[in-house]
Enquirer: 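Quick one: the structure is below, and I'll ask about it shortly.
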Amino acid sequence: METQSSRWLGHGLYLLIMAILISGVYFSGQRINYTWHWERLWPYIVNTDPQDIFAETDGTVVIDEKGTLSIEPDYGGDPQIVREYTTLVAYDGDLIFQGDTLARLEGWRFGPIAEGLWVTIKLSFISLIFSIILGLIFGLMRISHRQVMRNLAVTYVEVIRGTPLLVQIFIVYFFIGTVFDLDRFTAGVAALSIFTGAYVAEIVRAGIQSVPTGQMEAARSLGMNYVQAMCYVIMPQAIKRTLPPLAGQFINLIKDSSLVSVISITDLTKAGREVVSGSFAPFEVWFTVAALYLIVTGALSWAIQILEKRLSASD
Amino acid sequence: MTDKTLNAPIIQARHVDKTYPNGCHALKKVSLDVKRGEVVVIIGPSGSGKSTFLRTLNQLETISTGAIDIDGIELTDSSTNINKVREEVGMVFQSFNLFPHKTALGNVMLSPMKVKKETRAEAEVHARELLTRVGLAERMQNYPSRLSGGQQQRVAIARALAMKPKIMLFDEPTSALDPEMVGEVLDVMKGLAQEGMTMVVVTHEMGFAKEVADRVVFMEEGELILEESPDTFFESNHPRLNRFLGQVL
Ligand SMILES: Nc1ncnc2c1ncn2[C@@H]1O[C@H](COP(=O)(O)OP(=O)(O)OP(=O)(O)O)[C@@H](O)[C@H]1O
Ligand SMILES: [Mg+2]
């Protein structure tokens, strides 16, 4: 039996150990003469620097009464038009050469890390939806009465689970991607969905099989057909049982999505790699990237826990 | 409907033979007729094929050879829509098999709404009526995990009745119950019998058989050995039946 005071002691001990670990990181940084520059990271997350707007061709500047800046190109073609800016650098009638600064735009933009995070979230979310669809289809095929369906499902699951995700990404991108002319992002989504779908299929199968056979018999004896029994009786119970393993699988999906950077998708990991070379702050960047992954996976497992609580009303 | 079809048995099982895929010969040429409104009780030792036979009547178990006719519909015909037949044949299981994710009310309403396409309101009125009839007016919003065994089995009976079946099949409905809850379930079943429901009941409750049954059937090793009215049944000096009754009583 844990008493109240021994619980508080445990919490205290935990904080102490964490403090030692964190200062360990700090002092090991000092030992190798690492100077921390967390502030260098900001522009890579949210960029507040003014942005220069450059001329695309040689030409003459025209500024109309509404303040719209346009360039009449010297050698014909469509004029370049600039509507959004904060301060003008060029004046009406100026002769301009390609690459000259025309105006400056102040404000903020997302930096590469924030954009990478968004790509990771988008990639994971779309793959999650497709992996659920694939998992449901192949999970149901796996328990089908037809031998051909079962064989197909087993093949899919075994092939995918038996090969590394990295290799699958290359195959999808270089082979399937070339045949069907897929862009990088689609190829990445496809590889991740197919990979995760195999695991979801196994989870779905196990979930359905964990529902006692009496449930199907009761549903059928009430006149429901197979599909109705599945939808209204078996699946609602199976989903409840599969939520914890599914949560684990989806967290893996988010982490595995970092592998798509090998086909040049600028996800959070790839953005991290790029920022490291520009910022000279590798430790800060990788700690930040890790923390961002942790936030996304944490949010997902929190959402699933809420769902679990709501479904446990009948326990 | 002519008199002839009215008086024809509502269940006609002819030479029903069943061999499980593992080679177990569970039913050997079982024939049984049940008339409208009749209550037939099946008894027999464990493994004698009682459940198997009962489950062939709504095709939860397919048969190897023979024929089963339910209210004029031949179950083995390939044109028979078994889901339609099952609407007419309610079944109550030893292990209740309530849907754990639905309340008592939800359990009773589900099939009428999904299969008979009743509106929620219609289904609910009927479900409340049925649950009140089995004595569960106070427990309608409870999930099965919050009901006693006896209460669960009564919900299961209400759930089967919600489809307005013509026949009710009971497979050892009281065997999983604590002794003090057996009575409440048997009372509901007696009520049903008095209202003229056609019932086939597998049970070890000899008191119920004597009091309610129109006919008692004894099965052993997949065969139907004896089929009598309760009075003659329990007086008959059939050696195998006596051996079985000696063990049960
Ligand atoms: N799904 C199955 N597969 C193979 N054999 C089975 C199956 N179900 C039942 N049997 C066998 O068929 C025979 C009859 O079983 P059944 O369940 O009908 O008996 P029962 O009379 O209902 O027994 P109990 O009183 O124990 O319920 C038994 O020998 C049993 O082992
Ligand atoms: Mg049985």
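Chain naming here is simple, since letters A, B, ... match the order of the sequence lines and numbering starts at 1 in each.
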Enquirer: Side chains of A/Ser221 and B/Phe93, heavy atoms from C-beta outward: is any pair under 4.5 Å?
Expert: yes
Enquirer: Is B/Leu169 close to chain A through its backbone or its side chain, or both, or neither, when contacts mean heavy atoms under 4.5 Å?
Expert: neither
Enquirer: What is the minimum heavy-atom distance between B/Val115 and A/Met224, and which atoms define it?
Expert: CG2-CG, 3.6 Å
Enquirer: Assess whether atom NZ of B/Lys35 is packed by more than 12 heavy atoms of other residues, nucleotides or ligands within 6.0 Å.
Expert: no
Enquirer: Are any non-hydrogen side-chain atoms of A/Leu222 and B/Leu110 less than 4.5 angstrom apart?
Expert: no
Enquirer: Does A/Phe130 CZ have over 12 foreign heavy atoms under 6.0 Å away?
Expert: no
Enquirer: For B/Glu138, I'd like to know if atom CD has over 12 heavy atoms of other residues, nucleotides or ligands within 6.0 Å.
Expert: no
Enquirer: Can you establish whether the number of heavy atoms outside A/Phe185 located under 6.0 Å from its atom CZ is more than 12?
Expert: yes
Enquirer: As an exercise: rank A/Cys231, A/Ala219, A/Pro212 by heavy-atom pairs under 4.5 Å with chain B and give me the winner.
Expert: A/Ala219
Enquirer: Within the supplied structure, the quantity of interest is the number of heavy atoms (other residues, nucleotides, ligands) at a distance under 6.0 Å from A/Tyr226 OH; does it exceed 12?
Expert: yes
Enquirer: Name, in order of residue number, those residues of residues 145-165 of chain B that have a heavy atom at a distance of less than 4.5 Å from a heavy atom in chain A; otherwise write 'none'.
Expert: B/Ser145, B/Arg146, B/Arg159, B/Ala160, B/Met163
Enquirer: Quick check for you: to the nearest 0.5 Å, what is the distance between B/Asn97 atom CG and A/Thr213 atom OG1?
Expert: 7.5 Å
Enquirer: For B/Tyr20, does the OH atom have more than 12 heavy-atom neighbours from other residues, nucleotides or ligands under 6.0 Å away?
Expert: yes
Enquirer: Considering all heavy atoms of both residues, which atom of A/Ala218 and which atom of B/Phe99 are nearest to each other, and what is their separation?
Expert: CB-CE2, 4.0 Å
Enquirer: Could you check whether any side-chain N or O of B/His101 sits under 3.5 Å from a backbone N or O of A/Tyr232, counting only pairs where one atom can act as donor and the other as acceptor?
Expert: yes
Enquirer: Contact between A/Gln228 and B/Asn83 at the side-chain level, heavy atoms closer than 4.5 Å - yes or no?
Expert: no
Enquirer: Quick check on the interface: out of B/Glu88, B/Lys102, B/Arg55, B/Glu87, who has the most heavy-atom pairs with chain A under 4.5 Å?
Expert: B/Arg55
Enquirer: Find the distance between CZ (B/Arg86) and CZ (A/Arg220) and round it off to the nearest 0.5 Å.
Expert: 5.0 Å
